[in-house]
Chemist: 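This is the structure, below, for whatever I ask next.
Hydrogens, waters and symmetry mates play no part in the numbers below; they use all other heavy atoms, side chains included. Quick note on labels: first sequence line is chain A, next is B, and so on, each numbered from 1.
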2 protein chains.
Amino acid sequence: MNSLTEENYLKTLFILSNETGEVNVIDLSKRLNIKMPTVTSMMKKLADKKLVYYESYKPLRLTEKGKKEAGIIIRKHRLTEMFLVKVMGFGWEEVHEIAEQLEHTRSPSFFEKMDEMLGYPKLDPHGSPIPDKNGKVEWKKYSKLSDCKTGDTLKLAAVIDSSEEFLKFLNSRELKLGLKVKVKSIEPFDGTMVISYGKKQSETLSHTVTERLLGELMDI
Amino acid sequence: MNSLTEENYLKTLFILSNETGEVNVIDLSKRLNIKMPTVTSMMKKLADKKLVYYESYKPLRLTEKGKKEAGIIIRKHRLTEMFLVKVMGFGWEEVHEIAEQLEHTRSPSFFEKMDEMLGYPKLDPHGSPIPDKNGKVEWKKYSKLSDCKTGDTLKLAAVIDSSEEFLKFLNSRELKLGLKVKVKSIEPFDGTMVISYGKKQSETLSHTVTERLLGELMDI
DNA sequence: TAATTTTGTTAGATGAATCTAATTTTGTAG
DNA sequence: CTACAAAATTAGATTCATCTAACAAAATTA
């Protein structure tokens, strides 16, 4: 059995690997807000447990066992988020913090019950895929809004950042998953975009925002 | 903010105080499965935080602040149990262990939402009172079945033990809260009782069982 | 390629929560 | 009232997860 702390390292390493291919000590260190020496020693510990491959000065990689355990934690996190939104009526901006705590609950039946009540959902409220019971996930290949060109239309499908601040910002602009947004113009200097969607004819979004929005490019 | 460990000491001290008046180091030690020296040092720590009164060789007592914080943890535990039973459909024998973990969740809105969904319940599935938001509880003065005399009728209102094993035993005999049970005979040697209730004309219960069942004595 | 910066590791310390062994205090039974 | 037993405390060790400081390796820049 892994400690709560170990679970957080596994989960973060898993997510970081999927975000950016190679993960270094410093990346984990920054994401977890933990100093590098601490990360190094935890990696050695997880290597002893056959959860990560660790070689000095090499990128960090989860073993298959590590991926499975990380996937299961992420499954619990995302099921919880979905439960909080669909069953308990929370807003999508409120659930990340709570799920961060509940994901460590040791009770398979608790999460099975959630899954059942939710009708075995495939995505969480932020559009991220929910791993299956073996921790396996299919990551969809979405486009970032920030990579779109003028004239492109993107159907929003997921956010990269589930923080309360970011989601409150999206709420304030009535930006939701499922919306089709059209790129009206892009400022070459800093990437600021003007987009239209729903009733909004022109809404300006910074690069910081557009690079956190994912979706499917529409043909039209 | 108290650690999860500190919360467990506070909660257990609170419950033990209500069960048995005076609580000694050894009682807490046994209940928590933690050796006495560890308990002593934690009591000193909690005394520094003004959560317990601690004097060497004296019984342990919570301060008002300690009672409030313990009460709030117990509130979260019992609301969670009720939620698991009423909203998620768990059996009353399954919820204690899960609630033991969820009670440490730091999210007032999570528990407020539960409370609201449940319609502000006053009792948990085991008949124990749910403390209010300030941690205050009214403990009802129930009678133990083991204290009843032949001919008495007791309306079951609560169990003293929420363990899965005990509750599964009750399930197997179809013993539920709300039932009226009548004492048909008591074995003077070991206190074994024969009772009748519902369709059961004579069910034999050991003292171990009868002292864990509480209820209101009926007039008739 | 040499110098500098960035990244990573080693060594050693700290605080929390636990333990065991030894000692002391309190309570109880002759 | 002494002796023994039970309960509690003190002292010191251990494990986990963290840190800082110092050093080493790798990557980058000049």
Chemist: Any idea which heavy atoms bring B:F166 and B:D161 closest together, and the distance?
Modeler: CD2-O, 3.1 Å

Chemist: How long is the line joining CD of A:E22 and C1' of C:dT7, in whole Å?
Modeler: 14 Å

Chemist: Give DNA chain D the dot-bracket treatment, 5' to 3': Watson-Crick (N1-N3 with N6-O4 or O6-N4) or G-U (N1-O2, O6-N3) under 3.5 Å, [ ] crossing, | other strand.
Modeler: ||||||||||||||||||||||||||||||

Chemist: Determine whether B:T80 and B:I98 make a side-chain contact, defined as any pair of heavy atoms from C-beta on separated by less than 4.5 Å.
Modeler: no

Chemist: Counting the atoms with a prime plus P, OP1 and OP2 as sugar-phosphate, which does A:S41 contact under 4.0 Å by heavy atoms, base, sugar-phosphate, or nothing?
Modeler: base

Chemist: With A:D115 as reference, evaluate A:K122, A:R78, A:R75, A:K86 under the salt bridge (Lys or Arg N to Asp or Glu O under 4.0 Å) test and give the passing residue.
Modeler: A:R75

Chemist: Could you tell me how the ring of A:F83 sits relative to the ring of B:F83: parallel (under 30°), tilted (30 to 60°) or perpendicular (over 60°)?
Modeler: perpendicular

Chemist: Do A:L32 and A:T38 have side-chain heavy atoms sitting under 4.5 Å apart?
Modeler: no

Chemist: Establish, with yes or no, whether the OP1 or OP2 oxygen of C:dG8 is under 4.0 angstrom from a side-chain nitrogen or oxygen of A:T40.
Modeler: no

Chemist: Given D:dA8, is OP1 or OP2 found less than 4.0 Å from the side-chain N or O atoms of B:K35?
Modeler: no

Chemist: Between C:dT9 atom P and A:K44 atom NZ, what is the distance in whole Å?
Modeler: 7 Å

Chemist: Under a 3.5 Å distance rule, please check whether A:T12 uses its side chain to pair with a backbone N or O of A:N8 as donor and acceptor.
Modeler: yes

Chemist: To the nearest Å, how far apart are A:N2 CG and D:dC16 C1'?
Modeler: 14 Å

Chemist: Whole-Å distance between D:dT9 C1' and B:I34 CD1?
Modeler: 17 Å

Chemist: Within the 4.0 Å limit for protein heavy atoms, which parts of nucleotides 23-28 of chain C are touched? Write it as a string from 5' to 3', B for base, S for sugar-phosphate only, - for none.
Modeler: -BSS--

Chemist: Under 4.0 Å between a side-chain N/O of B:Y9 and OP1 or OP2 of C:dT18, yes or no?
Modeler: yes

Chemist: Without decimals, in angstroms, what is the distance between B:M36 CE and D:dA11 P?
Modeler: 17 Å

Chemist: I need the CD-C1' distance between B:E55 and D:dT9, as an integer number of Å.
Modeler: 15 Å

Chemist: In whole angstrom, what separates B:E7's CD from C:dA16's C1'?
Modeler: 15 Å

Chemist: Please classify the nucleic acid contact of A:T38 as base, sugar-phosphate, or nothing, using heavy-atom distances under 4.0 Å.
Modeler: base

